Amino acid sequence: MPTYRDEVVILRTHKLGEADRIVTMLSRRHGKLRAVAKGVRRTSSRFGARLEPFMVADVLLYQGRSLDIVQQAESLGSYGADIAVHYDRFTSANAMVEAADRLNEAEATPQQYLLLVGGLRALARGEHVPRSILDSYLLRAMALSGWAPGLADCARCGASGPHDTFVAQLGGMICRNCAPVGAARVDVPTSSLLVALMEGEWDIVDAASAPTRGSASGLIAAYAQWHLERGIRSLEHVEAAT
């Protein structure tokens, strides 16, 4: 059978039989993959630990009829252990890989893979507040999928900003003429933080107050879940950790 090699992020795993697992991965060149890792639940497995969620690996796969088979796995980034020992990092990482799984149902790009790897690396190293890393990831991942929120001009009519209303269903910041009755207003610090999270301006993000970060997080969660059409279940645990 033909073989191929790729770099992957492990998104999730499921038990198969007594010793095997089905591994769902986001790859750099082949999009989202599902493959069988044989014998990885045995204590003698040579690469079981390299195929756990949040790990980054170089894998060699056999191309199967329904599911591919993992033949080899070499670690490229061992982020799982450093993430798992901190509950806020762990919950944010779960939300990230769940969103990546949803966003890449059909196809993925190298940019989506690199974005997720960068986010998991930042979580493992504790570079910023975990929820801010998650929020930045969600905004950028949505943008790469063609759903970038409008954060300057009105997302509905294009009127020049800045504006002070955010409506997830209408695409982001909305002018007052387009805003539906009862739409929540967004203060200047929150709207500035949304832009900083999208652009990766971490000095601004890290300096934001906890209430401002909470306000931005709520808007981002609503926007992402609206466009994914299903809730990101892991966000419930993220809320509990913050």
Side-chain angles (χ1 to χ4, degrees), residues 82-83 85-100 102 115-116 118-143 147-156 159-228 230-242:
D82 290 328
I83 288 174
V85 295
H86 299 275
Y87 185 67
D88 53 353
R89 298 182 191 180
F90 179 73
T91 55
S92 292
N94 270 309
M96 288 167 61
V97 297
E98 183 181 349
R102 298 278 185 83
L115 179 65
L116 182 57
L120 293 174
R121 183 189 300 119
L123 282 176
R125 295 175 178 176
E127 294 179 359
H128 309 284
V129 174
R131 183 62 191 262
S132 294
I133 295 173
L134 167 61
D135 288 340
S136 182
Y137 169 78
L138 289 174
L139 283 175
R140 295 183 188 189
M142 298 294 290
W147 294 320
L151 299 178
D153 298 338
C154 177
R156 187 176 185 186
S160 298
H163 303 295
D164 62 358
T165 306
F166 187 98
V167 181
Q169 298 90 326
L170 296 180
M173 300 299 294
I174 301 296
C175 70
R176 294 195 178 185
N177 290 333
C178 294
V181 176
R185 297 287 171 81
V186 180
D187 59 28
V188 172
T190 300
S191 60
S192 297
L193 179 55
L194 289 172
V195 174
L197 288 164
M198 174 69 87
E199 299 297 330
E201 298 173 339
W202 288 103
D203 54 339
I204 297 175
V205 174
D206 293 339
S209 67
T212 298
R213 291 200 305 268
S215 177
S217 294
L219 297 175
I220 293 167
Y223 185 83
Q225 294 186 104
W226 170 262
H227 285 282
L228 290 174
R230 292 180 292 173
I232 302 174
R233 291 177 297 175
S234 301
L235 280 176
E236 299 177 6
H237 303 291
V238 174
E239 297 289 348
T242 54

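This is a predicted model, so every value here is computed, not measured.
A search for side-chain contact (heavy atoms from CB on, under 4.5 Å) contacts involving Asp206 returns His128, Trp202, not counting sequence neighbours.
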Review point. Step by step, would you call Leu151 with Phe166 a side-chain contact (heavy atoms from CB on, under 4.5 Å)?
Key: CA-CA 9 Å; Leu151 299 178; Phe166 187 98; 4.2 Å; yes

Practice item. Please assess Val186 against Leu219 for the test side-chain contact (heavy atoms from CB on, under 4.5 Å), listing each intermediate value before the final yes or no. Key: CA-CA 9 Å; Val186 180; Leu219 297 175; 3.9 Å; yes

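Between Pro180 and Val167 the shortest side-chain heavy-atom distance falls below 4.5 Å. Between Gln225 and Leu235 the shortest side-chain heavy-atom distance falls below 4.5 Å. Contact check for Tyr137 versus Leu115: side-chain heavy atoms found under the 4.5 Å cut-off. Between Leu139 and Pro149, some side-chain heavy-atom pair lies under the 4.5 Å cut-off. Put simply, the side chain of Val85 does not reach to within 4.5 Å of the side chain of Phe90, judged on heavy atoms.
If you take CG on Leu228 and OH on Tyr223, they are separated by 10.5 Å, rounding to the nearest 0.5 Å. A distance of 8.0 Å separates CE of Met96 from CG of Leu138, quoted to the nearest 0.5 Å. Distance CZ/Arg121 to CD1/Ile83: 11.0 Å, rounded to 0.5 Å. Here OG of Ser92 is found 5.0 Å from CG of Leu134. Values are rounded to the nearest 0.5 Å. Expressed to the nearest 0.5 Å, how far CD1 of Ile232 lies from CD of Glu236 amounts to 11.0 Å. Distance CZ/Arg176 to SG/Cys154: 12.5 Å, rounded to 0.5 Å.
Judged purely by atom type and a 3.5 angstrom limit, Ser217 uses its side chain to pair as donor or acceptor with the backbone of Arg213. A donor-acceptor contact shorter than 3.5 Å is absent between the side chain of Glu201 and the backbone of Val195. Ser136 contributes no side-chain N or O that, together with a main-chain N or O of Ile133, makes up a donor-acceptor pair within less than 3.5 Å. Judged by distance alone, with hydrogens and angles left aside, the side-chain atoms of Asp88 form no donor-acceptor pair with the main-chain N or O of Pro130 at under 3.5 Å.
In this structure, a donor-acceptor pair under 3.5 Å is absent between the side chains of Ser132 and Asp135. Defined by atom type and a distance below 3.5 Å, a donor-acceptor pair is present between the side-chain atoms of Ser209 and Thr212.
Heavy-atom minimum distance, His163 versus Ala152: CD2-O, 3.4 Å. The two residues Gly200 and Arg140 have their closest heavy-atom pair at CA-NH2, 2.7 Å. Closest heavy-atom contact between Val97 and Asn94: CG2-O, 3.3 Å. Nearest heavy atom pair, residue Ala184 against residue Thr165, reads O-CG2, 3.6 Å. The nearest pair of heavy atoms linking Gly126 to Arg89 is CA-NH2, 3.5 Å. Minimum heavy-atom separation, Ile204 to Ala196: CG2-CB, 3.7 Å.
Other residues, nucleotides and ligands contribute at most 12 non-hydrogen atoms within 6.0 Å of the CZ atom of Arg156.
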